Amino acid sequence: MVPEKALPEIDSPTTGAQAPASDDWVAAVRELFAPLGRLAQKLPDFTPRTAQQEMALAVAHAIATRAILVAEAGTGTGKTFAYLAPALLSGRRTLVSTGTRTLQDQLYHRDLPRLTAALGVPVKRALLKGRNNYVCWFHLERNLEEGRFLEPETGGWLREIRRFARHSQSGDKSECATVPENALAWSYATSTRDNCVGSECPHFDDCFVFRARREALDAELVVVNHHLFFSDQQIKEEGVAGLLPACDVVIFDEAHQLPDLLPHYYGESVSTFEALRLAHDARVELSTLGGDFRDGVAVVDRFEKTTRDVRLALPLTGTLRGTIADLPQSAPFVAALVTWQAAASAVHQALAAVAERTELLAKLAEKAKRLARALDTWQQAAPTGNGEEVFWFDASAHHLTLNRTPLTATEAVRDLIAASPAVWIFTSATLTVGGGSTISGIRWGLPASPKNRARRRGGKARSTTEGRRS
């Protein structure tokens with residue numbers, strides 16, 4: 001049985017110290033998942049599984065040797081405990097990224113409490129989501145005061161959100177049972193990185209986003225989702241401080257989603273929804289400056305109209321998705337797209353002229369500049385793309401999103417991993433080893449290692465060590 005004391009110590013990758021494999025460490029993890037181990041004793045419903053134990057040993061070995069591990073664990077293996085237990089007992093600061101916010105909540109609120117109680121290890125943990133999941137006091141109060149909404153129910157939802165926020169510790173909209181998560185009112189009660197005023201906000205001390213970030217910075221284990229992880233990397237690449245802390249161990253659960261997800265974060269998109277949000281925020285901010293800025297408000301109003309016109313000019317009904325070649329090259333739509341780009345450029349010029357007045361105006365000006373540039377790129381794109389990128393659209397009854405996506409994001413991911421001293425672990429129930437598609441990491445940008453090929457460890461768990469830190 002694994003004793004109640006801590007497992008054998010290993011060196012932290014972030015210290016730069018060498019971390020050789022430890023026989024005691026691996027043996028302790030093996031015993032943890034044994035029929036008479038600590039988990040069997042502490043969890044009444046625990047069933048020893050050979051595949052789960054083997055995956056846990058692979059994770060422990062990866063942490064000890066600072067390796068990059070890719071592991072397949074079929075449904076029923078118990079992969080969540082297999083990667084969580086070694087990470088928790090290692091004492092290393094760990095970041096776990098899940099495929100969806102639902103899985104994120106499940107892992108944080110259900111799996112982690114059960115496992116930490118069984119292990120008897122007090123671990124500071126934090127749940128961190130994208131800022132659009134947290135109530136923003138600044139925009140909530142400001143929009144309630146402004147009170148101009150196209151949807152009659154929005155005002156009532158916002159008042160309900162305010163009642164929730166006054167009693168909430170987290171401000172997480174998933175905890176607000178009285179307002180649907182897909183209610184448009186949330187767009188008026190949350191912030192984006194383009195309209196967050198940061199430390200200048202009068203509600204900064206009560207900000208739910210920065211409170212969650214402070215908790216994450218102080219935590220030993222942080223649970224995020226893939227979208228937040230890679231959007232945070234985008235922010236850091238632009239020279240802006242991100243939300244996520246540096247960690248010794250990074251674990252991606254549901255890693256099979258990454259090849260399809262990654263290109264979206266190394267590409268570019270522009271939507272009528274975000275354009276309308278920009279118009280709303282700009283109008284409200286300009287209105288607070290007084291009557292001298294009526295011309296700017298008129299420019300924003302024209303931009304809002306052209307944004308709505310471009311979707312109306314698209315002769316499509318329902319929800320559709322396709323490449324640029326599938327978009328009708330009708331005169332009304334092409335003209336609407338040109339007009340939209342010109343209106344976005346005009347908004348950028350109008351906001352840039354007064355950007356020194358407030359930090360929010362400066363951020364909105366930059367947002368308008370990026371939007372105008374993205375629309376210009378789309379106008380210049382040929383129907384077939386350029387061979388390295390795909391231009392595609394996503395249209396619903398009310399909104400249109402235009403996307404530019406690179407065919408591969410492997411170089412960016414390879415640079416990210418190479419620049420980090422962390423242990424990287426990728427796991428899913430649907431990876432393939434030894435037949436069909438390979439998990440050699442080619443599509444993910446993982447550093448190849450000819451000495452470390454995929455090997456089957458038995459049962460439903462399979463793993464491969466893609467490389468080691470020196």
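Quick note: residue numbers are just sequence positions, from 1. A quick note: this is a predicted structure, and the numbers were derived from the prediction, not measured.
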Item to check | Plane angle bin for Phe252 and Trp424 - parallel if under 30°, tilted between 30 and 60°, otherwise perpendicular | outcome: parallel
Item to check | Derivation and outcome, side chain to side chain contact (heavy atoms under 4.5 Å, CB included), residues Cys207 and Tyr134 | outcome: CA-CA 9 Å; Cys207 177; Tyr134 300 96; over 6 Å; no
Checklist entry - Given the rule in the side chain to side chain contact (heavy atoms under 4.5 Å, CB included) test, do Val423 and Asp248 qualify, once you have shown the distances and angles that lead to the verdict? => result CA-CA 6 Å; Val423 174; Asp248 300 320; over 6 Å; no
Checklist entry - Tell me the side-chain hydrogen bond (donor to acceptor under 3.5 Å, both in side chains) pairs involving residues 169-180, sequence neighbours left out? => result Lys129-Asp172, Lys129-Ser174, Glu160-Thr178, Ser170-Glu175, Asp172-Ser174
Checklist entry - Is there a side chain to side chain contact (heavy atoms under 4.5 Å, CB included) between His398 and Arg308 once you walk through the steps? => result CA-CA 8 Å; His398 302 290; Arg308 298 187 187 281; over 6 Å; no
For atom [atom1] of [X], is the number of surrounding heavy atoms from other residues, nucleotides or ligands below 6.0 Å larger than 12?
| X | atom1 | result |
| --- | --- | --- |
| Glu356 | CD | yes |
| Arg142 | CZ | yes |
| Arg131 | CZ | yes |
| His203 | NE2 | yes |

Item to check | CG on Leu158 to CD on Glu141, rounded to 0.5 Å | outcome: 10.0 Å
Checklist entry - What distance separates Arg404 CZ from Glu268 CD, expressed to the nearest 0.5 Å? => result 4.5 Å
Keeping [X] on the side-chain end and [Y] on the backbone end, is there a donor-acceptor pair under 3.5 Å?
| X | Y | result |
| --- | --- | --- |
| Asp218 | Glu215 | no |
| Arg101 | Asn225 | no |
| Asn133 | Gly130 | yes |
| Glu220 | Arg93 | no |

Non-hydrogen atoms of [X] and [Y] that approach each other most closely:
| X | Y | answer |
| --- | --- | --- |
| Ala313 | Ala336 | CB-CB, 3.8 Å |
| Thr100 | Thr98 | O-OG1, 2.9 Å |
| Gly267 | Pro406 | CA-CD, 3.6 Å |
| Leu69 | Ala62 | CB-CB, 3.9 Å |
| Trp157 | Pro180 | CH2-CD, 3.6 Å |

Item to check | The single option from Thr94, Leu95, Ile251 passing side chain to side chain contact (heavy atoms under 4.5 Å, CB included) against Leu221 | outcome: Thr94
Checklist entry - Under a 4.0 Å N-O cut-off, is there an ion pair linking Asp281 with Arg277? => result yes
Next on the checklist: Given Asp194, which partner from the list Lys363, Lys369, Arg370 fulfils the salt bridge (Lys or Arg N to Asp or Glu O under 4.0 Å) test?
Outcome noted: Arg370
Item to check | Close aromatic pair by centroid cut-off 6.0 Å: His399 and Phe273 | outcome: yes
Checklist entry - Are the aromatic rings of Tyr188 and His280 close, with centres under 6.0 Å apart? => result yes
Please list, one pair per line, the donor and acceptor atoms closer than 3.5 Å that link side chains of residues 111-123 to other protein atoms, with sequence neighbours excluded.
unit_1: Arg114; atom_1: NH2; unit_2: Asp45; atom_2: OD1; d: 2.9
unit_1: Arg114; atom_1: NH2; unit_2: Asp45; atom_2: OD2; d: 3.2
unit_1: Thr116; atom_1: OG1; unit_2: Leu112; atom_2: O; d: 2.8
unit_1: Thr116; atom_1: OG1; unit_2: Pro113; atom_2: O; d: 3.2

Next on the checklist: Using side chain to side chain contact (heavy atoms under 4.5 Å, CB included), reason through Met55 and Thr427 one step at a time and then give a plain yes or no.
Outcome noted: CA-CA 10 Å; Met55 178 178 169; Thr427 183; 3.2 Å; yes
